[in-house]
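For reference, the structure is listed below as structure tokens.
Whatever order the structure lists them in is the order used to number ligands and atoms, beginning at 1. Since this is a predicted model, take the numbers as computed values, not measurements. Values reported hereafter were calculated over all heavy atoms of this structure, with side chains retained and with hydrogens, waters and symmetry mates removed.
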Amino acid sequence: MTQLRSVCVFCGSRPGGHPAYADEARALGALIAAEGWRLVYGAGDVGLMGEVARSAQGAGARTLGVIPTHLMAREQGRRDLTTLVITEDMHERKKVMFMNSDAIIVLPGGAGTLDEFFEVLTWRQIGLHRKPIYVLNTNGYWTPLIALVDHVIDQGFAEAPMRSYATVVDDVAALALRLRGALG
Ligand code: AMP
């Protein structure tokens with residue numbers, strides 16, 4: 001049975017409008033370190049990305065950051081990670097992050113986070129992977145997204161199983177329980 005070793009975190013490059021988003025991002029970083037997992041993320045030092053990574057790294061987690069050359073300055077790419085991969089473009093970034101992860105966690109974020117979420121969801125839909133996807137619904141932030149996925153299914157544009165491809169959890173404590181049992 002595969003063991004959970006690396007978790008990929010997709011999240012905002014901004015902190016968002018409620019302190020709970022950063023609090024939960026830090027709690028996730030601490031969990032990743034405490035469990036001995038590696039954090040795979042976008043390598044930036046901004047927004048929730050920065051919060052997760054500083055927390056994980058500060059608590060001793062190994063980190064793999066993946067960032068395209070052109071975002072090194074804008075997203076303040078970190079060079080002090082366990083491993084830093086600099087890619088040519090965004091597509092390669094997502095691919096490298098995905099390939100090096102056993103599970104995907106989606107924290108609150110903007111269009112970039114949505115893009116990343118829908119990519120792994122659609123890859124799952126067409127059978128390209130079976131990696132677990134968790135949506136951290138801090139303060140109900142993703143409730144409209146979940147409603148949108150339900151709407152897509154209700155209106156016949158996706159099969160019902162799509163609803164089960166991503167597991168929605170309310171907080172990091174609930175996520176911890178899921179992740180510990182994720183891959184056996
Ligand atoms: P955001 O949620 O918009 O703050 O973006 C979160 C992260 O997703 C940032 O590191 C963005 O650079 C990244 N991102 C934005 N668009 C894309 C894309 N098309 N492919 C991969 N990553 C993206």
### Task
Considering non-hydrogen atoms only, spot the tightest contact between P68 and M90 and give its length.
CG-SD, 3.5 Å

### Summary
min-distance protein heavy atom vs atom 5 (O) of ligand 1 -> G112 CA, 3.5 Å

#### Entry: Atoms of ligand 1, numbered as shown, that sit under 4.0 Å from any heavy atom of L71
12 (O)

### Query
Identify the closest protein heavy atom to atom 11 (C) of ligand 1: which residue and atom is it, and at what distance?
E75 OE2, 3.2 Å

### Query
Can you find a non-hydrogen atom of P68 under 4.0 Å from ligand 1?
no

### Summary
among protein heavy atoms, the one nearest atom 14 (N) of ligand 1 is M90 CE, 3.3 Å

### Query
What are the atoms of ligand 1, with element, lying closer than 4.0 Å to any heavy atom of G12?
2 (O), 4 (O)

### Message
Considering non-hydrogen atoms of the protein only, which is the closest contact for atom 18 (C) of ligand 1, and what is the distance?
### Response
D115 OD1, 3.4 Å

### Message
Before we go on, tell me: are the rings of H129 and F98 under 6.0 Å apart, centre to centre?
### Response
yes

### Interatomic spacing from CG in D170 to OG1 in T143 - rounded to 0.5 Å
8.0 Å

#### Entry: Interfacing atoms of ligand 1 (cut-off 4.0 Å, heavy-atom, T113)
1 (P), 2 (O), 5 (O), 6 (C)

### Query
Of all the atoms in ligand 1, which lie at a distance below 4.0 Å from a heavy atom belonging to G110?
1 (P), 2 (O), 3 (O)

### Query
In the protein, which heavy atom is nearest to atom 13 (C) of ligand 1, and how far is it?
R93 NH1, 3.4 Å

### Query
With a cut-off of 4.0 Å, which atoms of ligand 1 are near a heavy atom of C11?
6 (C), 7 (C)

